[in-house]
Amino acid sequence: AQKVTQAQTEISVVEKEDVTLDCVYETRDTTYYLFWYKQPPSGELVFLIRRNSFDEQNEISGRYSWNFQKSTSSFNFTITASQVVDSAVYFCALREETSGSRLTFGEGTQLTVNP
Amino acid sequence: DTGVSQDPRHKITKRGQNVTFRCDPISEHNRLYWYRQTLGQGPEFLTYFQNEAQLEKSRLLSDRFSAERPKGSFSTLEIQRTEQGDSAMYLCASSSPSTLNTEAFFGQGTRLTVV
């Protein structure tokens with residue numbers, strides 16, 4: 001069965017620090033999709049990135065970067081030079097090819113960036 | 001395109017009452033999902049529609065829960081005889097068929113409190 005683990009419940013950093021959010025997943029499928037979502041206090045889940053299991057290239061988007069490693073079943077998310085506006089709960093999610101369209105989410109990491 | 005819209009944003013109800021939530025997906029998105037999120041947890045999948053057909057239901061969706069999407073556009077989620085354990089955020093999401101395994105876009109959710 002699929003499972004996503006975000007071991008860091010809460011992280012607190014000072015503005016301009018770099019921070020990495022960890023995500024470890026479990027799946028028996030060879031084809032799957034990984035996602036990161038951001039949930040600000042307003043409650044809406046904001047899509048950040050999708051990565052396919054057959055594409056292990058890391059990706060950078062502005063201050064955000066993602067490190068996907070199939071060998072360790074990890075899909076970690078790094079924010080460089082964090083800002084107060086980055087404060088939110090971040091969720092990692094998994095969709096398996098064989099489990100239809102459902103997303104399995106981790107429990108989330110609450111990131112607080114202090115000025 | 002105004003995104004996924006959910007109504008109401010907040011609902012307080014007495015135990016035993018019935019409640020109904022509405023979700024308007026992004027126009028032309030034929031896939032619609034309902035998730036439930038309790039405090040401090042990640043969202044959990046409830047059910048999935050493709051057009052008007054309900055294709056997948058989680059075992060979390062007890063007999064007291066029913067979801068419909070009669071014309072393949074908006075959807076409703078009804079909870080009958082509410083219990084305190086039903087208190088949660090109910091999230092709706094939609095996705096487009098134009099790209100295989102594309103990301104789901106979420107609404108801001110309906111927060112239900114059962115007293």
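So you know, we letter chains A, B, ... as the sequences are listed, proteins then strands, and number each from 1.
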Whether over 12 other heavy atoms sit under 6.0 Å from A:Lys38 NZ: yes
Nearest heavy atoms of B:Arg9 and A:Ser42, plus distance in Å: NH2-O, 3.4 Å
For chain A, which residues of residues 53-72 of chain B have heavy atoms nearer than 4.5 angstrom: B:Glu56, B:Lys57, B:Ser58
A:Leu34 with A:Trp36, same ILVMFWY side-chain cluster at under 4.5 Å: yes
ILVMFWY network linking B:Met89 to A:Phe91, side-chain heavy atoms under 4.5 angstrom: yes
Shared hydrophobic cluster, A:Leu94 / A:Tyr33 (ILVMFWY, side-chain heavy atoms < 4.5 Å): no
Other residues, nucleotides, ligands: >12 heavy atoms within 6.0 Å of A:Lys70 NZ: yes
Residue part contacting chain A, namely of B:Glu44, when any heavy atom lies under 4.5 Å: neither
Under 3.5 Å donor-acceptor, B:Tyr35 side chain and A:Leu103 backbone: yes
Proximal component of B:Leu91, with respect to chain A [non-hydrogen, under 4.5 Å]: side chain
B:Trp34 reachable from A:Phe47 in the ILVMFWY side-chain graph, under 4.5 Å edges: no
same_hphob_cluster(B:Leu46, B:Val114) at 4.5 Å side-chain heavy-atom cutoff: yes
Side-chain heavy-atom pair A:Phe35, B:Glu103 within 4.5 angstrom cut-off: yes
Neighbour count above 12 (heavy atom, 6.0 Å) for B:Glu28 CD: no
Engaged part of A:Gln6 at the chain B interface, taking heavy atoms whose separation is under 4.5 Å: neither
